[in-house]
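All residue numbers refer to positions in the sequence shown, counting from 1.
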Amino acid sequence: MNDRTIKTVNPLTGQEIDSYTYMTDHEMTSALEACHAAFDQWRLRPLADRAKIISAIADRLEQSTDALAQLMTDETGKLLKDSRDEVALCAAICRWTAKKGPEALADEERALNDGRRGVVNYSPIGVIYGIQPWNFPAYQVVRYAIANLMAGNGVLLKHAEICTGSGLMLRDIFEDAGLPKGLFTVMIIDHDQSNTLIEQKLVRGVTLTGSEKAGRAVAEKAGSELKKTVLELGSNDAYVVLSDADLELAVETCVQGRIYNNGQTCVNAKRFVVVDAIHDAFVERYVEKMKSIDLGDPNEKATGLGPMSREDLRDELHEQVKKSIDNGARCLTGGEVPKQDGFFYPATVLVDVAPGQPAYDDELFGPVASIIRAKDDEDAMRIANDSRYGLGGGIFSKDEARALELARDHFDTGMVFINNFNVATPEMPFGGVKASGYGREHGGFGMKEFVNIKAITLPAKAA
């Protein structure tokens, strides 16, 4: 008898939401085989047919906004308005993929120098296994699943335990829209079973969004099986405020970039590198705005910051703050665990941040801002790149041409936002470098990460 269960908990109240039974090893294998069987039929469907179903998924997502958004907020503590925006982003990804996918994946004809004819074909390879985190219960799944379904692959999902319900609701939405049963399957399995699953020959690729530690472990396991991986890992994104920045815009954007999604986003603005000439003015205004952010019920429209998703994550963040202070940082607001129910942590600002502190070296996955003083613009870019991570970053400058040059030629990250903050858009590639991982999603790139780019050569046409 299998009595192992997952219990999901509301981080606002600490109360149990639901429980789910882990799969047995036999059930896990059967689910994989069913996904592969569904793939074997799906891969032969014309691109236009796949696109039609993905467009229908967009419709079903929009129709399910209220229920899905509420469940995501209940499971993770994210603001309800952010959950609703997340569902809208997922629908937009589906629509963009349905529109652009058939063209992006169509055969390409190429004339060869010797007169022969070439065809480049993008063939699906099989079942792709995705391991996804809790901070965006719908978006993290849609980001890789829709691209791979468009490419003709089957998709497995091991979701973070705390948002198991959201993963299962997505499965139902996909199937209600017409996706063949089993083609997208939620695997309720533990870490040991996950490693076993990666070993299975029917799994052809693995994609993970998560911590640097998890990425290294999964890459090593998949690599030992000679299976391709796409990894989107952590980061401590630097937002550089240059001497000619619009200070009001920079402060407002950097506050929102830090607390968005309760500060629990890989591509949040985390380190704020401010040149000496405007450092003190920036800090004064930034602290004032962070102090005004109220903790509260994520279901209420007026709430600025909801609870963190798990108690242990809140406690880990607090330890990072304390260690940074012990090593020379100063806390200008926040920095204490509130005496109230729920897994809350206040909007916090650290200054005098320097190498050797977690606030400088590591990722602080919560609403804690690290402000670093730079001597000048050149020094600011040096500090921005002084990180083992390289997911995203930002530049604030009134000279957009110069900011574009810095972003293009000097910023060592996968994404750069000039005078704005954003998480993701369907049209633009998403991914990082260095310890932030490798591979790209969105912008058409994700559809080609797990395909067989097949070269087919034909004789020259008869004269």
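The heavy-atom pair separating L242 from I395 by the smallest distance is CD1-CG2, 3.9 Å. Of all the heavy atoms in T207 and I128, the pair that sits closest is CG2-CG2, 4.4 Å. Here the closest heavy-atom approach between residue E75 and residue T8 is recorded as OE2-CG2, 4.1 Å. For L156 against L32, the heavy-atom pair with the smallest separation is CD1-CD1, 3.8 Å. The two residues G393 and Y239 have their closest heavy-atom pair at C-CE1, 3.7 Å. Annotation for I54 and C94: closest pair CG2-O, 3.4 Å, computed over non-hydrogen atoms.
Salt bridge E86/K78: present, at least one basic N to carboxylate O contact under 4.0 Å. Salt bridge present: R84 and D66 bring a charged side-chain N and a carboxylate O closer than 4.0 Å. Remark: K7 does not engage E161 in a salt bridge, criterion side-chain N to carboxylate O under 4.0 Å. For E108 and R110, the salt-bridge test passes: some basic side-chain N is under 4.0 Å from an acidic carboxylate O. Between K434 and D412 there is a salt bridge, since at least one side-chain N of the basic residue sits less than 4.0 Å from a carboxylate O of the acidic one. For E62 and R95, the salt-bridge test passes: some basic side-chain N is under 4.0 Å from an acidic carboxylate O.
The shortest side-chain heavy-atom distance between L12 and F343 does not fall under the 4.5 Å cut-off. With contacts defined as side-chain heavy-atom distances shorter than 4.5 Å, the pair H159/P137 qualifies. Side-chain contact between L68 and L61 is present, with heavy atoms from C-beta onward closer than 4.5 Å. With a 4.5 Å cut-off on side-chain heavy atoms, V368 and Y345 count as touching. Counting heavy atoms from C-beta on, the side chains of F272 and V241 never come closer than 4.5 Å. Residues D362 and R388 form a side-chain contact, since some pair of their non-hydrogen atoms from C-beta on lies under 4.5 Å apart. Side-chain contact between C266 and E232: present, with at least one pair of heavy atoms (C-beta onward) separated by less than 4.5 Å. Using a 4.5 Å cut-off on side-chain heavy atoms (C-beta onward), L233 and K213 make no contact.
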| task | Would you sort out whether R43 and S123 count as a side chain to side chain donor-acceptor pair (under 3.5 Å), showing the intermediate values? | result | CA-CA 8 Å; R43 67 184 180 85; S123 294; over 6 Å; no

| Between R60 and D172, does a salt bridge (charged side-chain N to carboxylate O under 4.0 Å, His left out) hold up when you go through it step by step? | CA-CA 10 Å; R60 290 296 298 156; D172 294 343; over 6 Å; no

| query | Passes side-chain contact (heavy atoms from CB on, under 4.5 Å), Y286 versus V274? Steps please. | reply | CA-CA 12 Å; Y286 192 87; V274 188; over 6 Å; no

| request: Check step by step if side chain to side chain donor-acceptor pair (under 3.5 Å) holds for T5 and T21. | output: CA-CA 4 Å; T5 59; T21 302; over 6 Å; no

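N262 places a side-chain N or O within donor-acceptor distance of the main-chain N or O of G306, the cut-off being under 3.5 Å. A donor-acceptor contact shorter than 3.5 Å links the side chain of R258 to the backbone of A269. Panel note: side chain T413, backbone M415; a donor-acceptor pair is recorded below 3.5 Å. For N385 (side chain) and H410 (main-chain N/O), a donor-acceptor pair under 3.5 Å exists by modelled atom type. Not a single donor-acceptor pair under 3.5 Å links the side chain of D107 to the backbone N or O of V119. A donor-acceptor pair under 3.5 Å is absent between the side-chain atoms of D74 and the main chain of N10, judged by distance alone. Looking at T303, its side chain never comes within 3.5 Å of a backbone N or O of P298 through a donor-acceptor pair. Side chain of R50 to backbone of M150: a donor-acceptor contact under 3.5 angstrom is found. Proximity of a side-chain donor or acceptor of T24 to a complementary backbone N or O of E27 within less than 3.5 Å is detected. Between the D190 side chain and the D192 main chain, a donor and an acceptor come within less than 3.5 Å of each other.
By the 6.0 Å contact criterion, NZ on K221 is enclosed, its count of non-hydrogen atoms from other residues, nucleotides or ligands being greater than 12. Environment of NZ in K100: sparse, with no more than 12 heavy atoms of neighbouring residues, nucleotides or ligands closer than 6.0 Å. For NE2 of H191, the number of neighbouring non-hydrogen atoms (other residues, nucleotides, ligands) closer than 6.0 Å is 12 at most. Within a 6.0 Å sphere centred on CZ of R216, other residues, nucleotides and ligands contribute 12 heavy atoms or fewer. The local environment of CD in E225 is crowded, with over 12 non-hydrogen atoms from other residues, nucleotides or ligands closer than 6.0 Å. With a 6.0 Å radius and a threshold of 12 heavy atoms from other residues, nucleotides or ligands, E109 has its CD atom at or below the threshold. Residue-environment remark: CD (Q63) exceeds the threshold of 12 foreign heavy atoms within 6.0 Å.
For the 3.5 Å distance criterion, the side chains of N236 and S387 qualify, holding a donor opposite an acceptor. Using modelled atom types and a 3.5 Å distance limit, the side chains of Y389 and E212 yield a donor-acceptor pair. Side-chain contact check for D399 and S397: no donor-acceptor pair (N or O, by modelled atom type) lies under 3.5 Å. Side-chain contact check for D361 and Q357: no donor-acceptor pair (N or O, by modelled atom type) lies under 3.5 Å. In summary, the side chains of D82 and N261 do not present any donor paired with an acceptor at a separation below 3.5 Å, with no hydrogens or angles considered. Under the 3.5 Å distance criterion, with hydrogens and angles disregarded, no donor-acceptor pair is assigned to the side chains of Y22 and Q193. Side chains of T76 and S309: no donor on one and acceptor on the other come within 3.5 Å. In this model, no donor atom of one side chain and acceptor atom of the other lie less than 3.5 Å apart for E449 and N148.
A cation-pi arrangement is found for R271 relative to Y360, the charged atom lying closer than 6.0 Å to the ring centre and inside a 45° cone about the ring normal. Judged by a 6.0 Å distance limit and a 45° cone about the ring axis, K158 is not positioned over the six-membered ring of Y129. A cation-pi contact links K448 to Y122, judged by a cut-off of 6.0 Å to the six-membered ring centre and 45° from its axis.
The CD1 atom of I259 sits 4.5 Å away from atom CD of Q256, with the distance rounded to the nearest 0.5 Å. Expressed to the nearest 0.5 Å, how far CD of Q320 lies from CG of D315 amounts to 11.5 Å. Atoms CG and CG, on L79 and N299 in that order, are 9.5 Å from each other to the nearest 0.5 Å. With values rounded to the nearest 0.5 angstrom, L149 atom CG is found 11.5 Å from R45 atom CZ. Rounded to the nearest 0.5 angstrom, I372 CD1 and D379 CG are separated by 10.5 Å. Separation of atoms CZ (R171) and CG (D176) is listed at 10.0 Å; rounding is to 0.5 Å.
Ring centroid separation for the pair W134 and F365 comes in under the 6.0 Å cut-off.
In this pair, F136 and Y139 present their aromatic rings perpendicular. The plane angle is above 60°, beyond the 30 to 60° band. Aromatic ring pairs are classed by plane angle as parallel below 30°, tilted from 30° to 60° and perpendicular above 60°; the pair F430 and H442 is perpendicular.
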